[in-house]
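Scroll down for the structure; my scribbles are underneath it.
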Amino acid sequence: MSLAKIETHDYPRWQSVATYAVSRLETRLFIDGEFRDAAEGGRFQTVNPATGETLTKVAKGRAEDIDRAVATALAAYRSGCWSRIAPRERMDILYRFADLIDERAEELAVLETLDMGKPIGDVVAEDLPAVIDTIRFMAEGIDKIEGSVTNTDNDALHLVIREPLGVVGCISPWNYPLLMATWKIAPALAAGNTVVLKPAEQSPLSALRLAELFVRAGGPPGVFNVVNGTGEIAGKALALHNDVAKISFTGSTEVGKLILQYAGRSNMKRVALECGGKSPQIFMADLPDLKRAVDAAYNGVFANMGEVCSAGSRLLVERPIYDEFIERFVGDGQDAYVPGDPLNPSTNMGPLVDRDAQQRVLRMIEGGKREGATLHFGGDAPAGLEKGAYVNPTLFGDVRNDMSIARQEIFGPVASVIPFDGPDEAIAIANDTIYGLAAGIWTKDLNKAMRLVKNIEAGVVWVNSYEDGDMTQPFGGYKQSGHARDKCLDSLKSYTQGKSAWFRLDTSK
Ligand code: NAD
């Protein structure tokens with residue numbers, strides 16, 4: 001059922017959709033256009049974090065399965081069935097792929113919610129439209145990426161031809177399972193590559209349906225393959241594979257560093273990294289509208305349970321407005337997100353992805369209390385939801401940038417407010433981190449805004465807004481947040497390589 005039709009589903013309707021979806025879960029690997037069991041037959045369980053119940057057991061791919069998927073993808077690449085078809089033909093298949101995702105939105109949405117706890121309303125209003133947009137944008141870009149003819153002497157013709165890379169290995173995280181995978185597979189496929197996707201083990205289900213829909217849209221078998229499994233085994237095997245031309249990775253900084261090592265230990269494959277963040281939002285005393293700024297502050301850190309790489313988790317507030325900012329944040333932000341069953345479309349905060357994540361976030365909150373930050377609200381798990389991996393939205397004030405809650409990526413609904421005096425101190429605090437994914441700046445003064453934009457070490461900077469953007473906007477980090485750029489035409493180009501073809505001519509004839 002399409003996106004337009006599911007927007008009005010109520011809670012009982014989503015519950016019955018979920019029951020039906022669970023009865024027909026696909027759990028095998030998807031290789032060469034077919035679902036297949038893992039070579040060794042192993043399985044791992046995937047759990048619904050809202051209830052703690054096992055949803056199903058999923059085929060556990062290992063090195064042998066990665067070998068099989070990469071060999072299939074390489075054969076498909078070399079056959080030219082995808083890489084050499086007319087650009088318009090590839091475009092048409094990707095447009096049909098986007099249309100089919102829209103048609104199957106009901107099942108895809110419920111799989112995301114069951115697998116990782118994301119509120120169903122968010123999947124319908126944000127994730128799925130963004131997935132569809134990404135595929136359409138990259139499809140539109142196919143014949144907009146051009147090679148060139150350079151200026152040479154009269155008897156030569158020199159072309160730079162843009163070609164695909166070959167087999168692209170995509171390794172994705174669980175916080176936006178479909179969207180993060182699509183930010184990789186859409187440009188990789190649009191550029192004519194073939195793909196092996198290794199989804200996160202916490203959210204293995206929706207990617208299998210995605211690959212199936214690609215084949216239904218007319219995508220040749222073997223072009224888009226999915227191998228589920230653990231990062232340490234299947235992900236590592238993919239990143240070490242000698243026939244993989246590029247690894248496109250989104251996940252933690254720690255694992256991103258391993259991916260670089262695997263590339264060096266194997267075939268020097270290209271590596272694109274989208275990693276962690278500890279992004280600052282800077283609220284200057286002359287900001288244009290305190291209410292709008294505070295709304296952006298709590299939305300920027302509580303949305304998607306705080307499991308957002310670009311979450312604005314460090315809120316730097318200039319001292320003259322510090323007390324008012326905290327007062328308003330407590331007034332408006334404390335009850336803005338209420339944990340509940342993510343299948344209920346009126347719920348805006350689901351559980352964290354699993355029990356381990358919940359315990360890790362609660363331990364970090366305890367660290368913040370021990371180090372002397374002021375807890376204004378939250379700090380615990382909600383009563384009555386003990387079966388799930390829930391954490392209440394949490395606000396800490398009087399935070400110093402050397403406290404653990406200001407330094408480590410919490411990846412949960414925890415905001416830390418840090419007071420500062422003047423733009424120089426704001427810049428120093430903002431940049432005092434290993435990360436550099438995103439930043440927000442709130443001020444009426446355009447000159448001050450530009451000074452901050454230029455001095456803040458982050459790949460994305462928003463002024464008087466947060467988490468805004470569209471497909472034209474490059475998304476990616478500085479420093480240890482990685483160096484890839486998702487979305488945008490540059491992303492599509494990064495899945496191509498330039499071949500220089502020099503023709504010696506004799507123009508006298
Ligand atoms: P993670 O690094 O634990 O896992 C990410 C992926 O890597 C998973 O598929 C996992 O199976 C795989 N993996 C784990 N160990 C591996 C290994 N040794 N070799 C190969 N693959 C391996 O991260 P996560 O917990 O799934 O996701 C959360 C992290 O992702 C956060 O740090 C978050 O900031 C980051 N993230 C970044 C962006 C971005 O665009 N910059 C977007 C979303 C999430």
Salt bridge or not between Arg43 and Asp37? Use side-chain N to carboxylate O under 4.0 Å. yes
Given the rule in the side-chain contact (heavy atoms from CB on, under 4.5 Å) test, do Leu208 and Phe35 qualify, once you have shown the distances and angles that lead to the verdict? CA-CA 9 Å; Leu208 295 167; Phe35 288 109; 4.0 Å; yes
Against the six-membered ring of Phe137, is Lys487 placed for a cation-pi contact (under 6.0 Å from the centre, within 45° of the normal)? no
Carboxylate-amine/guanidinium proximity below 4.0 Å for Asp99 and Arg136: yes
If you take the centroid of each ring, where Trp contributes its six-membered ring, are Phe411 and Trp174 closer together than 6.0 Å? yes
First locate atom CD1 of Ile171, then atom NZ of Lys236, and finally report the distance between them rounded to the nearest 0.5 Å. 12.0 Å
Below 4.0 angstrom, N of the basic side chain to O of the carboxylate: do Arg96 and Asp92 qualify? no
To the nearest 0.5 Å, what is the distance between OG1 on Thr182 and CG on Asp133? 11.0 Å
Could you check whether Asp65 pairs with Arg68 (Lys NZ or Arg NE/NH1/NH2 to Asp/Glu carboxylate O, under 4.0 Å)? yes
Under a 4.0 Å threshold between the charged nitrogen and the carboxylate oxygen, would Glu107 count as salt-bridged to Arg24? yes
Answer with yes or no after comparing the ring centroid distance for Trp442 and Tyr466 against a 6.0 Å cut-off, counting only values under it. no
Presence of salt bridge, Arg363 and Glu366, under 4.0 angstrom: no
What orientation do Phe97 and Phe214 show, parallel under 30°, tilted 30 to 60°, or perpendicular over 60°? perpendicular
What are the two closest non-hydrogen atoms of Pro129 and Glu126, and how far apart are they? CD-O, 3.4 Å
Separation of Leu189 CG from Cys170 SG (nearest 0.5 Å): 8.0 Å
Just so I know, are the side chains of Gln359 and Arg355 near enough to count as touching, which here means a heavy-atom distance under 4.5 Å? yes
Closest approach of Gly141 and Leu489, non-hydrogen atoms and distance? CA-CD2, 4.0 Å
Carboxylate-amine/guanidinium contact Lys198 Glu201, below 4.0 Å: yes
Flag the pair Arg216 and Glu212 as a salt bridge only when some basic side-chain nitrogen lies within less than 4.0 angstrom of an acidic carboxylate oxygen. yes
Is a salt bridge present between Arg28 and Glu26, judged by a nitrogen-to-oxygen distance below 4.0 Å? yes
CD1 on Ile405 to CZ on Phe396, rounded to 0.5 Å: 4.5 Å
Return the OG to CD distance between Ser252 and Glu409, rounded to the nearest 0.5 Å. 8.0 Å
Does the pair Arg328/Asp332 count as a salt bridge with the N-to-O cut at 4.0 Å? yes
Residue pair Ala237 / Ala63: nearest heavy atoms and the distance that separates them: CB-CA, 3.8 Å
Taken to the nearest 0.5 Å, the spacing of Gln15 CD from Asp10 CG works out to 9.0 Å
So Phe325 and Phe329, would you call those rings parallel, tilted or perpendicular, with 30° and 60° as cut-offs? tilted
